[in-house]
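Data first, discussion second: the structure below is written as structure tokens.
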Amino acid sequence: SVVHVVEAWGGGVQAAVRAYTAATVTLRHHLVVRPRPDVTGDAVHGTVEVVEADLAGFLRTAAARVRALRPDVVHLHSSYAGLLRARPRLGAAVVYTPHAYAFLREDLPRGVPLATRVVERALARVGTVAACSPYEAALAERLGATRVVHVPNPYEGPPPPVRTTGGGPPVVVMVGRVSPQKDPGFLAACAARARAAGRGDVVWRWVGGGDPDLERGLREAGVEVTGWLPRADVPAHLADADLMLHTAAWDAAPMALLEVAGWGVPILVRRRPYADGLGLELVPDDPAAAAAEVLRVLDDAERRAQVAATSRRHAADHSLPATAAALLQAYGLA
């Protein structure tokens, strides 16, 4: 049996944990979660225990529940839940998935990333790191972790949309939370560069919602913003998409990339460290150069087909059986 401790239940972490439980239905899963405001009722293979508390209270409750339930493995998700590695006598083997290490964040006060890196280094040898991307696995090893398994997120999204591209204006989308991590300013700058290049015909759309000020900035830049959507409603907003541009400044292995790739939308990813090893087509980490590449792909059918083929391979390489094998290996090492 496995107890999952999820401090930020919602968004991509929720999708990843749901996929993990779907991949290992032969195991008994119990989730202890602290929900985000955007949490949805998506089903998981297991039971979900919601804890409404501040961070310290959540961690105390989660530790107590693990000791009471006495699972074979406790799987800690994200950096705050990972602090439970410092607690002695949890009574279970420990597996930790950072879902993007906190010290990668660029929106934290000065000195905080260094402090979080020190904490991660101090706890690196506790348990097994189930890294969700090749870059995250490499970071874990650099921090000193001796047991690291790359657990690829599986593609298991809602049914794909009926594609309606062709005949209308070209549509470029970004999918995710409107937050500093996903860097909406980068997409806004790309849209502005495209307009300056005489391409006012391109529709730029952010599928998701989040910070009201950042949403306002996108709209002022001429980017459509759908607002936060139930996961099952996302495909409808991608039916006319010609291309996805993933703009995140820092990330792990975004579930949105897998789902969009599985839905047949060609994907370009901003060249940032987390993109190493994802196997997707990259654009420069500069809005002007990125916008130029986006326009080139939109205008060149052969190039767009190449990008689409790469995206399809990305989805095909992330199957439930592959995730299940890697998870079982991580749980066995723990």
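We use all heavy atoms of the structure for the numbers below, so side chains are in, but hydrogens, waters and symmetry mates are not.
- With hydrogens and angles disregarded, no donor-acceptor distance shorter than 3.5 Å links the side chain of T97 to the backbone of H77.
- Using modelled atom types, no side-chain atom of Q181 and backbone atom of R105 make a donor-acceptor pair closer than 3.5 Å.
- Nearest approach of D251 to L104, heavy atoms of both residues: O-CD1, 4.4 Å.
- Summarising the geometry of A188 relative to V223, their closest heavy-atom pair is CA-CG2, 4.4 Å, with the distance given to 0.1 Å.
- Under the 4.0 Å criterion applied to side-chain N and carboxylate O atoms, R272 and D285 are assigned as salt-bridge partners.
- In this structure, H30 has its ring center no closer than 6.0 Å to that of H4.
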Output, in order, the C-alpha distance, side-chain angles, deciding distance and verdict of salt bridge (charged side-chain N to carboxylate O under 4.0 Å, His left out) for D240 and R205. CA-CA 11 Å; D240 60 348; R205 179 182 302 147; 2.8 Å; yes
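- Of the inter-residue distances, the one linking T310 atom OG1 with I267 atom CD1 reads 10.0 Å to the nearest 0.5 angstrom.
- Electrostatic pairing of D317 and R312 does not count as a salt bridge here, judged by no charged N lying under 4.0 Å from a carboxylate O.
- With hydrogens and angles disregarded, no donor-acceptor distance shorter than 3.5 Å links the side chain of D201 to the backbone of P169.
- In summary, R303 and E281 engage in a salt bridge, as defined by a charged side-chain N under 4.0 Å from a carboxylate O.
- No donor-acceptor pair closer than 3.5 Å links the side chain of R313 to the backbone N or O of L280.
- Contact check on E120 versus R85 returns a salt bridge, with a Lys/Arg side-chain nitrogen under 4.0 Å from an Asp/Glu carboxylate oxygen.
- Remark: aromatic rings of Y331 and H75 are close, center separation under 6.0 Å.
- Note on V151 and Y96: separate hydrophobic clusters, where clusters join Ile, Leu, Val, Met, Phe, Trp and Tyr whose side-chain heavy atoms are under 4.5 Å apart, directly or indirectly.
- In this structure, V175 and M244 approach most closely via the heavy-atom pair N-CE, 3.8 Å.
- The closest donor-acceptor contact from the side chain of T226 to the backbone of G208 lies under 3.5 Å.
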Worked verdict on V260 versus W263 for side-chain contact (heavy atoms from CB on, under 4.5 Å): CA-CA 5 Å; V260 173; W263 296 331; 4.2 Å; yes
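- Placement of V172 and V269 within a single hydrophobic cluster is found when ILVMFWY residues are connected by side-chain heavy-atom separations under 4.5 Å, directly or transitively.
- With hydrophobic clusters built from ILVMFWY side chains whose heavy atoms lie under 4.5 angstrom apart, L55 shares a cluster with L84.
- L108 forms part of a hydrophobic cluster together with V112, judged by ILVMFWY side-chain heavy-atom separations under 4.5 Å.
- With values rounded to the nearest 0.5 angstrom, L268 atom CG is found 8.5 Å from L282 atom CG.
- Considering every non-hydrogen atom in both D242 and R304, the closest pair reads O-CD, 3.9 Å.
- Between D211 and R177 no salt bridge is recorded (no basic side-chain N to carboxylate O distance below 4.0 Å).
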Yes or no on side-chain contact (heavy atoms from CB on, under 4.5 Å) for V74 and V95, after CA distance, side-chain angles and deciding distance? CA-CA 6 Å; V74 56; V95 171; over 6 Å; no
Please report the C-alpha distance between Q14 and M255 in whole Å, then the side-chain angles of each, then the deciding distance to 0.1 Å, and finally whether the side-chain contact (heavy atoms from CB on, under 4.5 Å) criterion is met. CA-CA 10 Å; Q14 181 184 8; M255 294 295 294; over 6 Å; no
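- Looking at R34 and E52, no side-chain N of the basic residue comes within less than 4.0 Å of a carboxylate O on the acidic one, giving no salt bridge.
- Nearest approach of M174 to T247, heavy atoms of both residues: SD-N, 3.6 Å.
- Under a 3.5 Å cut-off, the side chain of E136 and the backbone N or O of C132 do form a donor-acceptor pair.
- Salt-bridge annotation for E220 and R216: absent, with no side-chain N of the basic residue lying under 4.0 Å from a carboxylate O of the acidic one.
- H150 places no side-chain N or O within donor-acceptor distance of the main-chain N or O of A137, the cut-off being under 3.5 Å.
- Across all their heavy atoms, P134 and D276 have their closest contact at CB-O, 4.2 Å.
- Note on residues 197-224: no pairs pass ring pair (Phe, Tyr, Trp, His ring centres under 6.0 Å), not counting sequence neighbours.
- Annotation: ring pair (Phe, Tyr, Trp, His ring centres under 6.0 Å) contacts involving residues 103-135, sequence neighbours excluded, comprise Y101-F103.
- Using cut-offs of 30° and 60° on the angle between ring planes, the pair Y20 and H99 is parallel.
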Under the side chain to side chain donor-acceptor pair (under 3.5 Å) criterion, do H29 and T24 qualify, and how do the steps go? CA-CA 9 Å; H29 296 274; T24 53; 2.8 Å; yes
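- Remark: R199 engages D299 in a salt bridge, criterion side-chain N to carboxylate O under 4.0 Å.
- Taking 4.0 Å as the cut-off between side-chain N and carboxylate O, R271 and D286 do not count as a salt-bridged pair.
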